[in-house]
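Remarks on the structure that follows.
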Amino acid sequence: MESGFFQQVYEIVQKIPVGCVATYGQIARLCGNPRASRAVGYALHVNPLPGKIPCHRVVNRFGGLAPAFAFGGADVQRNLLTAEGVSFSDEYTVALDKHLWDPFG
DNA sequence: CTCTTGACGCACA
DNA sequence: GTGTGCGCCAAGA
């Protein structure tokens, strides 16, 4: 564990199960900094491990996809989530009510 | 070295 | 109910 805030974010994001999505605030909270949602977004922005960090499962508190998805674009992100069985409330808004990740189990 | 920005979220006026 | 600012962490100019 590299005792780094970013590293914490990466590990948590990797724990998001398939067919589920998590919000930046949720991850920031799990990291120990409920207000570090910005840092969470930046951590995924740099996305050093696109093969291990499913950034496409991370959305803002509204469920809206990121405007600058690291893998390719919000359009790709929406495609990946749909392929995993995730439903969308809008063109670029995930149905959090149905797929919001539950860190408590 | 210092200031600002950046895939966000919430509190306060 | 709406509008604005602040807080967190890190990197870029």
Side-chain angles (χ1 to χ4, degrees):
Chain A
M1 308 313 182
E2 280 102 79
S3 305
F5 183 85
F6 274 38
Q7 214 58 36
Q8 275 281 70
V9 175
Y10 301 140
E11 296 206 14
I12 292 170
V13 173
Q14 290 174 64
K15 290 169 188 173
I16 302 173
V18 179
C20 294
V21 294
T23 65
Y24 295 97
Q26 189 96 53
I27 296 167
R29 187 187 296 267
L30 294 171
C31 285
N33 295 309
R35 271 116 193 159
S37 48
R38 284 179 71 157
V40 176
Y42 200 87
L44 297 174
H45 165 66
V46 295
N47 193 9
L49 303 170
K52 292 186 174 182
I53 305 170
C55 325
H56 61 271
R57 290 184 198 146
V58 185
V59 295
N60 57 29
R61 75 169 191 81
F62 293 107
L65 306 184
F69 187 48
F71 290 12
D75 183 62
V76 176
Q77 181 176 12
R78 183 165 90 60
N79 188 353
L80 291 169
L81 291 169
T82 303
E84 293 184 356
V86 177
S87 300
F88 277 74
S89 182
D90 283 306
E91 189 68 50
Y92 292 95
T93 304
V94 179
L96 296 176
D97 298 282
K98 299 179 182 180
H99 304 287
L100 180 60
W101 175 45
D102 182 9
F104 294 92

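Note that this is a predicted model, so its numbers are computed, not measured. Every chain is numbered from 1 and lettered A, B, ... according to where its sequence line falls, protein lines coming before strand lines. The figures here come from the full heavy-atom set of this structure, side chains too, leaving out hydrogens, waters and symmetry mates.
- To the nearest whole angstrom, the two P atoms, one in dC6(C) and one in dT4(B), are 12 Å apart.
- If you measure from atom NE2 of His45(A) to atom P of dT5(B), you get 15 Å, rounded to the nearest angstrom.
- Side-chain atoms of Tyr42(A) and base atoms of dA7(B) include no donor and acceptor less than 3.5 Å apart.
- The side chain of Phe69(A) approaches dA7(B) more closely than any other nucleotide in the set dA10(C), dG6(B), dA7(B).
- Rounded to whole Å, the P atom of dC1(B) lies 22 Å from the corresponding atom of dC8(C).
- One can place CZ of Arg35(A) at 11 Å from C1' of dC6(C), the figure rounded to the nearest angstrom.
- Side-chain contact check for Glu84(A) and His56(A): at least one donor-acceptor pair (N or O, by modelled atom type) lies under 3.5 Å.
- Taking atom P on both nucleotides, dC3(B) is separated from dG7(C) by 16 Å, rounded to a whole Å.
- Taking atom CD1 of residue Ile12(A) and atom P of nucleotide dA7(B), one finds them 21 Å apart after rounding to whole Å.
- Rounded to whole Å, the distance from CG on Asn60(A) to P on dC8(C) is 22 Å.
- Side-chain contact between Leu80(A) and Phe69(A) is present, with at least one heavy-atom pair separated by less than 4.5 Å.
- With hydrogens and angles ignored, the 3.5 Å screen pairs a side-chain donor or acceptor of Tyr10(A) with a backbone N or O of Ala43(A).
- For the P atoms, the distance from dG5(C) to dT5(B) is 13 Å, rounded to whole Å.
- Val58(A) and Leu96(A) are members of different hydrophobic clusters when ILVMFWY side chains are connected at heavy-atom separations under 4.5 Å.
- Whole-Å rounding puts the Phe5(A) CZ to dC9(C) C1' distance at 6 Å.
- Taking atom CZ on Phe62(A) and atom C1' on dC10(B), their separation rounds to 11 Å, with Å as the unit.
- One interatomic measurement links the two molecules: CG of Asn33(A) to C1' of dC6(C), which rounds to 15 Å at whole-angstrom precision.
- Side-chain to base pairing of Arg38(A) with dG9(B): no donor and acceptor N or O lie closer than 3.5 Å to each other.
- Between the OH atom of Tyr24(A) and the P atom of dC10(B) there is a distance of 14 Å, rounded to whole Å.
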